[in-house]
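Below is one structure, written out as structure tokens; comments come after it.
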Amino acid sequence: MEAPIGPVIRLSGVSKSFAAERRGAPVVPAVRNISLEVAPGTLLGLVGPDASGKTTLLRMLAGMAEADSGDISVFGKSVSELDRSLVGYMPQGGALYLELSVEQNLDLYARLRGIDPAAEPDRIENIYTLTGLGDFRGRAVGKLSGGMRQKLAMACAVVAAPPLMLLDEPSVGVDPLSRREIWQLARDLSGQETTIIWATSILDDAEKCDELLVLHEGQVRYSGAPTGLTDLANNRVYSTPVLAGDRRKELARVHRLPDTIDAQIEGDGIRFVNRIASKDASPAQPRAADGFVALLDDGLKLQDSRLAATFPDRTETIGQAGAAIAAVGLTKRYGSFTAAYDVSFTVAPGEVFGLLGPNGAGKSTTFRMLCGLLKSSDGRSTVAGQNLRTAGPAARKALGYMPQYFGLYGDLTVAANLRFIAGAHGMGRKEGEGAIDDVVSALSLESILPQRAGLLPIGIKQRLSLAAAVLHRPEVLFLDEPTSGVDPIVRREFWHHINAIAATGVAVLVTTHFMDEAENCDRLMLLNQSRAIAQGTPSELKKGIARGGPEPTLEEAFIALIEAQRRIEADAA
Amino acid sequence: MMAGFIWFARWFAMAVKELRVVLLDKRARTTLIISPIVQLLLYGMATTLEVKNVDVGVVNRDNGVASQEILSGLAGSGSIRSIRYYPNLVSLSEGIEQREVLVGMSLPPDLSRDVAVGRTATVGLIVDGRNINAGQIVAEYMDRITRRAGADLRPAYARDGPELVAVHWYNPNLDYRWFTLPALIAVVCSVLVISVSVHTFAREREAGTIDTLQMLPMTPGQKLLGKIMPAFLVGLFNASLFVIIIPLVFGVPLIGSLVLLFVAVVAFSLALAGVGTAISTVSQTQQQAFLIGFMVITPLTLLAGFATPIDNMPEWLQSIAWLNPLRHMLEVSHGVFLKDIPARFALENIGMMLAFAGFFLTIAYVNVWRRFD
Amino acid sequence: MSSAGRRRAAAIRTKEWAQVWHDPSTLGLVVFLPLLLIFLFGSALSLDTDQTRTGLVDRDGTITSRDLSAALKANRYFIIEEASEVAPLAQRLEGGDVRGIVVIPDGFEGEVTSDGDAQVQLITDGTQPNTAAFLSSHAEGVIRNWSASRDLGARAAAQPIELVTRYAYNPGLESSFMLVPGAISIVMAMIGCLLTALIMAREYERGTMEGILSTPLSTGALVGNKIVPYFLMGLASTAICVAVATLFYGLPLRGSAIALLIISASFLYAVLAQGLWISSITKNQFASTQMALLLGYLPSLLLSGFLFELDSMPAAIQWLSYLVPARYLIPPLQSVFLVGDVWSIFLPNIAVLLGIGTFFLWRARSAIKRTIA
């Protein structure tokens with residue numbers, strides 16, 4: 001192939017709108033007047049909140065969507081004449097056949113992309129080595145963990161080592177270890193001249209790119225090096241120490257300050273981004289995420305959680321004896337395979353308890369046993385004093401549940417989904433409408449009420465899922481990866497609600513991959529390879545691995561603990 | 001009181017959601033409401049056992065009055081569209097083979113002479129055996145025509161012995177539509193009800209919403225009764241529509257009790273929705289559910305007594321067909337439309353349909369309840 | 001085609017096969033449906049009305065009337081239930097337990113011996129017009145024969161003209177010879193239309209279409225290769241049908257196997273293309289199945305001419321039937337089994353089928369856009 005001369009991608013004045021759901025309604029603009037050039041060998045990060053136009057832009061580049069106006073050229077030719085063998089496109093979610101095996105999927109896409117697996121066994125073997133999927137060739141994709149699925153999806157997209165890779169959210173729903181591996185995979189499969197466009201809502205990922213394009217409502221808000229984005233938050237980022245125990249109250253206080261754009265718990269302090277320079281707090285090192293929130297700052301103050309305000313006051317239960325959630329020796333075996341072994345913990349009312357661990361560590365299994373969705377092989381569990389497996393349907397009223405994957409009805413409108421959930425909880429028409437109005441206004445879902453839920457962007461789907469989970473104001477809340485796939489602004493908002501809901505006396509059990517989020521939890525349990533390997537407050541976990549040097553981040557603690565367990569197992573073997 | 005209200009609210013939410021899911025898609029809505037009516041009109045007109053517009057081939061080697069009498073008999077028959085003449089038997093056989101004509105008649109050279117001298121003359125008839133159903137009926141028409149021709153030529157010899165005077169009760173002209181249209185209530189609606197109900201739980205499994213459903217505080221009964229509503233209502237709605245259209249548009253008499261018919265339709269819709277839902281609870285995907293549903297509905301339809309009479313089936317199969325809800329619906333439908341059957345007869349059939357519904361709804365209930373494993 | 005192109009084509013086929021193997025319901029449809037239908041059409045369903053329960057009231061009670069009763073009882077078409085009064089039998093008729101009542105009136109013997117207008121009455125259950133018609137023609141035949149055998153003297157040749165009927169290709173009047181080709185058409189229509197309608201819609205529903213379309217594979221190659229496994233499975237099903245029908249039900253195959261293959265393949269081509277078209281416009285499994293039933297299954301059952309005579313239907317419906325692929329399958333299929341290789345029938349029908357297939361394929365291809373949005 002001839003080396004492409006000039007930019008690989010050139011967009012000038014590209015716009016695209018979608019027809020409205022209902023006839024007569026105005027069209028919905030997805031991408032507005034974007035012009036762009038991408039040089040060969042660039043790793044371009046495409047960042048933006050949900051519905052910002054990232055997916056539409058990638059689809060247009062892959063020839064999967066047509067622009068309404070403007071010109072797109074790829075490799076010097078109009079995209080309508082695109083040679084698809086030069087492009088590796090990974091759609092969101094990966095377009096894998098879940099019932100087929102890893103090998104069948106990889107073979108399919110390899111051959112579709114012009115590679116004969118029989119003729120090039122080394123290339124395929126190399127991919128199995130790089131992805132770590134070699135031992136799972138025969139496993140159905142539907143039974144893989146999220147991280148493995150994403151690796152496979154990426155491998156299927158770029159198996160032919162194309163000069164242009166278009167990757168839509170390849171690291172969504174993936175733990176930090178797997179995320180590193182996915183980055184490594186992209187690097188290993190690309191050469192000097194390979195151009196990669198990487199859409200993501202995770203700003204840590206964005207920092208690793210050569211160039212960044214920040215989209216918001218279909219328009220380019222920033223284009224340039226990641227450092228330039230970080231620089232937008234220069235002299236705006238601060239941290240203030242707090243005494244342990246009061247961290248969430250302090251966070252709420254910082255949020256209430258008029259000039260706060262964003263704030264989060266980090267270590268024993270609050271780290272926040274301010275609109276103006278502050279004299280009271282000590283400056284902190286800005287990151288890309290800080291620049292992102294500063295860039296997209298709407299100028300408004302974060303309101304007190306109106307979602308939490310709809311909850312009854314259960315604060316008197318805080319500090320009382322008796323756990324809201326209790327797991328004792330929960331174990332799940334499938335034949336010779338143990339998915340969770342001897343997991344024990346308790347969560348008190350008003351407490352936020354985090355389950356951490358890499359994909360496939362047993363978090364979801366534990367979660368599902370607690371919910372009663374899965375029968376435990378051993379051990380006991382209670383939620384609000386009841387065993388959900390045996391207590392009958394009424395006991396589930398105490399629980400709000402937000403599943404890891406979108407669990408609402410894609411064909412129905414947002415309003416119809418919420419009405420169904422309200423009715424399912426036995427609310428009458430008036431009571432239901434009231435509850436729906438509360439969550440809808442608290443989570444700003446008004447504008448999407450008539451839209452079909454299945455067509456919403458992933459972050460808005462998550463918001464809707466949260467609304468559905470708390471509609472009946474449960475005393476226990478289970479959140480399975482609530483922030484996977486959402487941008488930093490929505491994540492901040494989510495935690496703002498979660499913390500405030502916990503403050504009313506609700507026990508919250510949450511799983512997450514994001515270590516900065518885990519800082520919000522009162523206590524954490526770290527699972528790896530089906531076992532609990534550590535339990536305690538975030539500070540305790542960090543101190544456990546600190547060896548005199550500077551205080552490690554939670555992510556470092558996480559990785560160190562997992563590697564320590566791997567060493568122990570290797571020694572035992 | 002309050003508990004009852006909450007139970008109702010939960011069930012209602014489930015039912016409304018299910019109805020929305022089924023009726024939201026415009027194409028599905030069209031197929032569920034427009035298509036049954038189109039089918040009724042189409043098949044109501046299409047299905048007939050009468051044979052009309054027959055093409056008849058003739059090899060005529062007789063120039064006398066007898067052949068003329070027969071040919072004018074053929075020409076005067078309302079069932080015959082055209083008469084084609086062939087020079088000889090070989091070309092007539094070819095004509096039959098090529099499907100130019102359904103039957104071929106060979107009039108021998110000495111036909112008129114035989115008739116004149118009082119010898120029994122023999123006319124040959126070849127029928128295309130590829131379609132023996134129509135063939136047999138046309139052969140009978142031909143028999144009648146030749147006999148009448150013989151009788152006209154030699155009235156003295158034309159005594160048939162005792163005459164059979166047939167009276168057809170309930171359907172004096174044996175109008176086949178009077179049979180078909182009431183039967184279509186069962187046939188068309190069963191396909192609809194099954195094809196809607198098999199998707200219920202399989203769809204939730206495939207879409208990944210089944211966990212959400214399980215985590216909601218609803219009993220298996222509420223879920224099940226909510227789930228069957230769309231299929232049940234689709235069945236009820238279309239069947240009721242048919243009951244209105246059939247007498248008004250097609251003039252089929254409806255002389256029996258509408259209440260009985262309505263109760264039967266309710267039992268029938270429940271029975272089919274029960275089977276479909278039971279299938280759905282054991283299927284992993286929609287495709288699986290649909291294919292199983294299809295493999296169940298096919299024998300049910302064919303053994304209902306619509307395509308062929310139940311009386312013609314082997315004895316052992318008739319006992320199996322006794323379990324078939326379609327068959328019972330057909331009996332009530334024909335009975336109420338044409339016969340005004342006594343309630344006792346109808347209730348026997350309705351009871352069987354309810355038993356069938358109960359059996360499959362129980363299976364579905366147990367599956368929904370056990371799903372927590 | 002380039003080697004990369006061939007590889008892509010093979011990759012799609014491999015994937016489809018893997019999905020077929022993964023889902024036992026697909027294979028169930030391919031193997032079980034043909035067996036079920038051939039069994040039903042071969043053993044269970046029959047248009048040959050025999051052994052009809054019939055009531056008999058002999059009001060005359062003479063030697064002559066008892067002689068006629070005996071003739072009726074001896075006939076294989078009737079199971080006679082005798083009673084002294086009409087009323088109890090009429091009740092059984094209402095309940096559907098007997099399908100007709102023969103009444104020999106008082107004074108029958110006198111009329112017969114005096115050559116008067118002797119009559120025999122027949123009351124039938126008109127709700128079953130098929131059975132009623134057969135019943136009256138059988139009863140008529142019995143009476144005629146009885147009468148002829150009585151008058152062996154002077155009027156032995158009671159008929160001046162006698163019709164001698166021969167059923168070409170099916171002298172034994174086996175109705176299964178007619179129904180089995182129909183069953184084959186349903187099997188093929190279902191596998192062709194229904195399965196393909198599901199498989200394409202599934203790709204859209206699960207989002208895998210976006211992945212496939214982003215590769216260099218052309219939409220034509222995608223469509224063409226995706227249907228290959230279903231095409232082969234349809235042929236396998238047909239082979240099962242033919243094997244069972246010829247081995248166990250004595251259906252002759254008088255034409256050549258190659259002709260049968262060509263006919264089946266052309267039909268499959270047409271219905272597969274129809275299924276693809278359905279799923280490419282609906283992009284939704286539920287709507288696809290509804291349309292496949294409406295456009296594939298029901299017309300194949302009702303408008304193909306194997307159960308109901310197309311020529312007897314109203315003109316508008318006959319015109320509509322020209323759009324039904326099965327209409328072009330039944331005539332060649334019946335001929336290849338019962339007659340032989342009648343290419344003059346095969347070729348025009350095959351040509352139409354290929355035309356229909358190509359039309360739907362063309363529509364499907366333009367409906368499957370390269371772009372997702």
Side-chain angles (χ1 to χ4, degrees), chain A residues 16-19 30 55-56 58-67 79-80 82-101 103-105 107-119 140-142 153 156-157 159-160 162 166 168 410-411 454-455, chain C residues 1-27 198-226 229 282-288 368-373:
Chain A
K16 176 157 184 79
S17 309
F18 290 106
T55 295
T56 308
L58 280 184
R59 279 184 173 166
M60 288 193 289
L61 290 173
M64 302 299 294
E66 277 172 64
V79 74
S80 57
L82 178 68
D83 178 354
R84 282 161 199 264
S85 60
L86 301 180
V87 181
Y89 169 58
M90 174 187 163
Q92 212 175 86
L96 298 172
Y97 292 90
L98 301 186
E99 74 274 32
L100 299 185
S101 69
E103 189 168 22
Q104 283 168 327
N105 272 283
D107 274 12
L108 168 69
Y109 279 104
R111 291 158 86 188
L112 287 179
R113 296 185 190 284
I115 306 288
D116 183 357
V141 172
C156 287
V159 57
L166 304 171
D168 199 353
D411 294 337
L455 301 177
Chain C
M1 201 192 280
S2 67
S3 67
R6 272 198 303 277
R7 219 159 25 237
R8 281 180 199 122
I12 288 291
R13 292 197 300 269
T14 313
K15 185 217 83 176
E16 289 298 326
W17 278 120
Q19 287 184 301
V20 169
W21 284 116
H22 186 82
D23 187 350
S25 66
T26 315
L27 287 174
L198 280 168
I199 55 161
M200 207 74 183
R202 197 172 54 178
E203 300 262 2
Y204 281 105
E205 253 181 35
R206 297 187 181 173
T208 45
M209 204 59 170
E210 191 172 0
I212 297 286
L213 287 180
S214 75
T215 69
L217 183 78
S218 72
T219 49
L222 170 66
V223 167
N225 287 287
K226 214 170 157 49
T282 63
K283 300 182 169 64
N284 167 301
Q285 292 188 73
F286 180 70
S288 276
I368 300 168
K369 299 244 167 53
R370 265 243 91 115
T371 51
I372 286 287

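Convention: sequence-line order gives letters A, B, ...; per-chain numbering from 1.
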Would you sort out whether A:Tyr89 and C:Thr215 count as a side chain to side chain contact (heavy atoms under 4.5 Å, CB included), showing the intermediate values? CA-CA 8 Å; A:Tyr89 169 58; C:Thr215 69; over 6 Å; no
Relative to chain C, which segment of [X] carries a heavy atom at a distance below 4.5 Å: side chain, backbone, both, or neither?
| X | value |
| --- | --- |
| A:Leu108 | both |
| A:Glu99 | both |
| A:Leu166 | neither |
| A:Leu98 | neither |

Which portion of C:Ser214 sits near chain A, non-hydrogen atoms under 4.5 angstrom: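 It is both, since atoms from each part get that close.
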Short side-chain to backbone donor-acceptor contact, [X] and [Y], under 3.5 Å:
| X | Y | value |
| --- | --- | --- |
| C:Arg7 | A:Gly114 | yes |
| C:Arg8 | A:Leu112 | yes |
| A:Arg84 | C:Leu213 | yes |

Out of curiosity, C:Lys15 NZ to A:Leu100 CG, how far, rounded to the nearest 0.5 Å?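 It is 7.5 Å, given to the nearest 0.5 Å.
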Interatomic distance, C:His22 atom NE2 to A:Tyr97 atom OH [nearest 0.5 angstrom]: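 Result: 13.5 Å between the selected atoms.
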Can you give me the closest heavy-atom contact between A:Gln104 and C:Ala18, atom names plus distance?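 Taking A:Gln104 first and C:Ala18 second, the nearest heavy atoms are NE2-CB, 3.3 Å.
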